Undergrad: 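The structure follows.
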Amino acid sequence: MSAAIESVLVENRVFPPPASFTAQANVKPADFEAMKAKAAADHAGFWADLARETLIWSKPFTKALNDSNPPFFKWFEDGELNASYNCLDRHLGTPVEEKTAIIFEADDGQVTTITYRELHRRVCRFANGLKALGYKKGDRAIIYLPMSIEAVVAMQACARLGVTHSVVFGGFSAKSLQERIVDVGATLVIAADEQMRGGKALPLKPAVDEAYAMGGCEAVRHTIVYKRTGASVAYGPKDIDWAQVEGGRSDDCPAVMVEAEHPLFVLYTSGSTGKPKGVQHSTGGYLLHAMLTMRWTFDIKPEDVFWCTADVGWVTGHTYVCYGPLATGTTEIIFEGVPTWPNPGRFWEMIQRHKCTIFYTAPTAIRSLIKAAETSPAHAPDKYDLSSLRLLGSVGEPINPEAWMWYHKHIGGERCPIVDTFWQTETGGHMITPLPGVTPLVPGSCTLPLPGIEAAIVDETANDVPNGSGGMLVIKKPWPSMIRTIWGDPERFKKAYFPEELKGYYLAGDGAVRDTAHGYFRITGRIDDVLNVSGHRLGTMEIESALVANSALVAEAAVVGRPDDTTGEAIVAFVVLKGQRPTDKDSAAKLAKELRDWVGKEIGPIAKPKDIRFGDNLPKTRSGKIMRRLLRSIAKGEEIKQDVSTLENPAILEQLKQSL
């Protein structure tokens with residue numbers, strides 16, 4: 001049996017960049033080729049020149065890369081700088097200081113704006129308040145706040161003082177919060193009384209109290225509480241109001257310069273063992289990549305209004321909400337609510353209202369909005385003026401070709417390039433992505449690596465596989481924004497990301513294939529989401545894409561495997577329909593057969609799901625990520641033991657347990 005992951009999806013549509021876009025692009029085809037050649041000739045020197053040109057250093061570095069102790073690579077290590085200084089102070093005394101930094105739209109539609117100068121003052125006041133409480137370089141703070149200007153202020157204030165922050169998504173439970181407080185050794189927690197989502201107030205401070213009650217959080221000296229709703233919450237001896245911390249403080253707080261390798265943040269990502277992994281990022285290398293990708297991938301211009309819909313609790317919200325846009329002097333939109341409240345046109349209404357030019361969101365959001373546009377035509381995108389848009393982006397997981405085509409046509413008006421970005425919490429920023437003025441686009445493909453990123457697809461012995469064959473995605477050389485370690489667990493870091501059999505390459509954990517026409521990369525799903533059906537290794541992503549390609553019937557699909565006596569593994573598909581979910585077994589069975597036959601025609605009989613289950617939606621976190629681990633448990637008929645408190649819709653699990 002071959003160890004290769006078979007690729008069964010073929011995509012022949014190609015969309016060249018519009019000539020008008022290329023003419024004004026920050027990176028043109030000749031620039032791209034020149035950068036690639038420079039990086040190939042001198043890998044460390046390529047990044048060193050960019051770091052000198054892009055970042056403001058208080059002490060310049062003399063050495064680009066220290067690779068003496070792989071995989072613990074260090075970049076620009078003898079240089080010193082401050083992330084908040086590079087995001088805010090650099091704009092003072094320039095026209096940017098009077099420019100709007102953030103357009104904040106609350107759940108209820110209220111809009112607040114803040115200029116760069118005002119944001120600098122607020123960050124300084126809050127940082128001075130933290131200093132007065134005794135917090136300093138090397139301390140760790142947990143931030144548990146809703147999407148807000150305050151979330152950015154808290155992150156920037158920590159960075160300003162050299163306090164390493166760890167943001168916990170507001171949808172996470174008290175248990176998840178407690179685990180992170182303990183693991184990172186936090187001495188400060190910054191939280192809100194409540195958050196607003198879809199017209200509902202959801203408690204945050206009570207979850208903090210519950211986390212403390214679980215024990216292990218004794219090192220925390222203060223909980224700073226931002227009054228988002230003004231709800232009545234219990235105050236203990238450690239608790240202090242945000243207004244009190246910021247009030248009466250000086251508008252000036254000199255930024256504390258730190259070494260380039262100083263941990264800017266630790267962000268937890270779920271591990272296969274269930275114990276969250278604290279991904280540790282540096283200051284210099286991370287910030288460099290955030291700024292470069294704003295310029296390269298998003299073609300950012302002074303007049304742009306940029307909107308990344310990700311929550312600050314995820315890495316996308318760190319790189320493309322808190323750090324990248326501010327360091328490049330961009331006006332950005334921050335939104336507190338959900339895309340379907342008070343109606344399914346909320347995103348399009350906001351693009352129209354704020355004249356958004358660049359829109360960056362997740363495929364799960366796009367797919368749910370496709371369904372919403374069909375069930376609620378009064379709020380379909382064509383009812384709004386989206387003509388301000390010039391560039392679209394996709395992030396979080398591979399986008400299936402049919403969702404790509406809808407996004408291109410209905411949101412981009414067939415004129416906006418789409419940057420389908422592949423990257424991870426661990427990579428810090430984009431790794432493989434189209435550059436909008438350079439790359440002809442193929443729906444469902446993240447296309448080519450950025451200059452200086454040496455991506456490859458290999459087999460289990462680390463040998464490159466030919467184009468057209470699937471394998472494991474690796475990065476062959478270190479890059480500045482890469483994960484430095486897993487907080488407190490260097491052995492787990494080495495084992496997870498640099499396994500011995502892979503010759504020192506970084507293992508992304510994703511399967512991928514390069515097409516034979518362009519050498520473009522397409523992600524086929526997580527390696528642990530590869531199904532072995534009768535000796536064929538199939539990526540779940542491709543089967544999901546085939547199901548969703550039935551645009552008349554299917555809004556969304558998730559595919560997992562379960563053990564099978566005959567085929568080794570059986571394919572189980574969880575499907576959300578565009579119309580009503582069948583409630584009687586006969587019509588459900590008939591529909592399931594139709595979809596099985598469809599997949600057989602799209603991919604081949606080997607990929608037909610053995611079991612198809614219908615639900616009103618899929619189990620998702622509040623950020624829109626599908627919890628495939630829960631679906632695997634349901635498919636196997638196991639009792640669900642995982643924490644389901646992060647789900648937007650826990651009740652859906654019972655529905656999906658119903659087998660045909």
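Note that these values count all heavy atoms, side chains included, but never hydrogens, waters or copies made by symmetry. Just so it is clear, the model here is predicted, and its values are computed rather than measured.
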Undergrad: Among Asp183, Val168, Val279, whose side chain to side chain contact (heavy atoms under 4.5 Å, CB included) with Tyr268 holds?
TA: Asp183
Undergrad: Below 4.0 angstrom, N of the basic side chain to O of the carboxylate: do Lys476 and Asp464 qualify?
TA: yes
Undergrad: Should the pair Arg367-Glu397 be classified as a salt bridge under the 4.0 Å nitrogen-to-oxygen rule?
TA: yes
Undergrad: I want to know whether Phe422 and Phe521 have ring centres closer than 6.0 Å.
TA: no
Undergrad: I'd like to know if Arg484 and Glu261 make a salt bridge, using a cut-off of under 4.0 Å between side-chain N and carboxylate O.
TA: yes
Undergrad: Aromatic rings Trp479 and Tyr506: how do their planes relate, parallel, tilted or perpendicular, breaks at 30° and 60°?
TA: perpendicular
Undergrad: For Tyr320 together with Phe298, are the ring centres under 6.0 Å from each other?
TA: yes
Undergrad: Using the side chain to side chain donor-acceptor pair (under 3.5 Å) definition, which of the options Thr421, Thr316, Thr297 pairs with Tyr360?
TA: Thr421
Undergrad: How are the rings of His165 and His318 set to each other: parallel, tilted or perpendicular (split at 30° and 60°)?
TA: tilted
Undergrad: Calculate, to the nearest 0.5 Å, the distance between atoms CD and CZ belonging to Glu77 and Phe61 respectively.
TA: 11.5 Å
Undergrad: Any chance CD of Glu638 has more than 12 other-residue heavy atoms, nucleotides or ligands included, within less than 6.0 Å?
TA: yes
Undergrad: For Lys137, I'd like to know if atom NZ has over 12 heavy atoms of other residues, nucleotides or ligands within 6.0 Å.
TA: yes
Undergrad: Just wondering, more than 12 heavy atoms not from Lys503 lying within 6.0 Å of its NZ?
TA: yes
Undergrad: Is the shortest side-chain N to carboxylate O distance from Lys74 to Asp67 below 4.0 Å?
TA: no
Undergrad: Before we go on, tell me: are the rings of Tyr286 and His262 under 6.0 Å apart, centre to centre?
TA: no
Undergrad: Does one side chain, of Thr516 or Asn467, offer a donor that lies under 3.5 Å from an acceptor on the other?
TA: no
Undergrad: Counting distance only, does the side-chain N/O of Asn82 pair as donor-acceptor with the main-chain N or O of Met257 below 3.5 Å?
TA: no
Undergrad: With a 6.0 Å cut-off on the ring centroids, do Trp314 and Phe172 count as close?
TA: yes
